[in-house]
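One structure is given below, represented as structure tokens, and several questions about it will come after.
Chain A is the first sequence line, chain B the second, and so forth, proteins listed ahead of strands; every chain is numbered from 1. Bear in mind the structure is a predicted one, so any value in this text is a computation, not a measurement.
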There are 2 protein chains.
Amino acid sequence: MTNDSSAAEFSSAVPKERRGLDPVDRRILELLQADARMPNNAIAAAVGIAPSTCHGRIRALQESGVVRGFHADVDPAATGRGLQAMIAIRLHAHARSNLATFKDYLAQLPGVESIFFVTGDRDFLIHVALSDSEALRDLVAHNISVHPEVAGTNTSVIFEYVSVRRPAG
Amino acid sequence: MTNDSSAAEFSSAVPKERRGLDPVDRRILELLQADARMPNNAIAAAVGIAPSTCHGRIRALQESGVVRGFHADVDPAATGRGLQAMIAIRLHAHARSNLATFKDYLAQLPGVESIFFVTGDRDFLIHVALSDSEALRDLVAHNISVHPEVAGTNTSVIFEYVSVRRPAG
DNA sequence: ACTGAAAATGTCATAGA
DNA sequence: TCTATGACATTTTCAGT
């Protein structure tokens, strides 16, 4: 299993946080991405290590920030927000100094699912999920367009949104 | 199994799938969105119902499709994909009949995190996470732009991506 | 819908490779 | 340092009420 050469000494002494992830770690991550509620011992069996070792690895992955959290994927339509849109926002040139503040403002708006701060002809893209077109119009008209830093917006309705989950490999 | 109280009969006989969500259900959903690994009995205590009842509600929410799954949030940078981008894709007018096929093609490409099928001047927006700019260039040049159905692409690098989690309310 | 018991699971301490 | 085994605490699950 382990070789007895002196080189092995060095490689195993390196802390895990500073190295790349093991194949085993990557496999654990894939399984947890597919199902965050998969039991620890089932994960251990799937990747071929002991449950306690697996538990320690998962804990290390969380504490090192590789795993940022575990979240339920809730259907927006089921909670009364069946209309999704992508709103592109362009800011005035002089307003680009305090982008963090504007980002926090966007995060507080109702229905905002995610925020992309991008290069190119637009500054922000925000993905929103709202009850209906009236709520979308209100959001853009009353909360975004009127903002003094906003130079312009461009709203696209989302017909379909797919979050791609990669299979184990 | 059957109770003899006529009043309780009516209120409990309504199937949960056809009604709107209870305030208790909504609270459970919020907690699970914040932390999918929160223990059932902790959720039950937080929302003020018995663990068995809470467990039944969570199972019903899953089976009715309100909860689509539980997923680990893994930092893309930690798995060697530190460069994120949003690629806008415009299709040829004649190619818009088989959008589902093209969507499946996109979903199979490496690094694709999510796909937005939108209205407006673009047809698709895809959020990708890749190792470096070379991988991004390869993806656009060799896998997207060359596709016969693609009329044009527009790539924006993502400086920051924030997934907004709404607090309990 | 609640309570309590049994089964399954998660967690931690200790020890070996 | 990584891994494995076993004891213990917690949680899930299912019975009855």
With distance as the sole test, does B:Y105 use its side chain to make a donor-acceptor pair with the main-chain N or O of B:N143 at under 3.5 Å?
-> yes

Round to a whole Å and report the spacing from NE2 of A:H55 to P of D:dT3.
-> 15 Å

To the nearest angstrom, the CD1-P distance between A:I49 and D:dA4 comes to 7 Å

Under 4.0 Å between a side-chain N or O of A:T53 and OP1 or OP2 of D:dC2?
-> no

Separation of atom CG in A:L32 from atom C1' in C:dG10, rounded to whole Å | 14 Å

Would one find a side-chain N or O of A:R57 under 4.0 angstrom from OP1 or OP2 of D:dT3?
-> yes

Rounded to the Å, how far apart are B:Q62 CD and D:dT12 P?
-> 12 Å

Assess whether atom CZ of A:R59 is packed by more than 12 heavy atoms of other residues, nucleotides or ligands within 6.0 Å.
-> no

Over how many whole Å does the gap from B:I58 atom CD1 to C:dA1 atom C1' extend?
-> 16 Å

d(CG, B:N40; P, C:dA1) in whole Å | 13 Å

Sole residue of B:I115, B:L91, B:D123 in side chain to side chain contact (heavy atoms under 4.5 Å, CB included) with B:F102 = B:L91

Rounded to whole Å, the CD1-C1' distance (B:I43 to D:dT10) equals 15 Å

So does A:R59 get a side-chain nitrogen or oxygen closer than 4.0 Å to the phosphate oxygens (OP1/OP2) of C:dC12?
-> yes

Does a distance-only test, which skips hydrogens and angles, find a donor-acceptor pair under 3.5 Å between the side chain of A:S52 and the base of D:dT3?
-> no

Nearest-nucleotide check on DNA chain D, A:V24 vs B:R37; residue mapping nearer the 5' end is A:V24

Atom pair distance, as rounded to whole Å: CG in A:N41 and P in D:dC8 = 20 Å

In plain terms, say whether B:R57 and B:D25 are close enough for a salt bridge, that is, a side-chain N and a carboxylate O under 4.0 Å apart.
-> yes

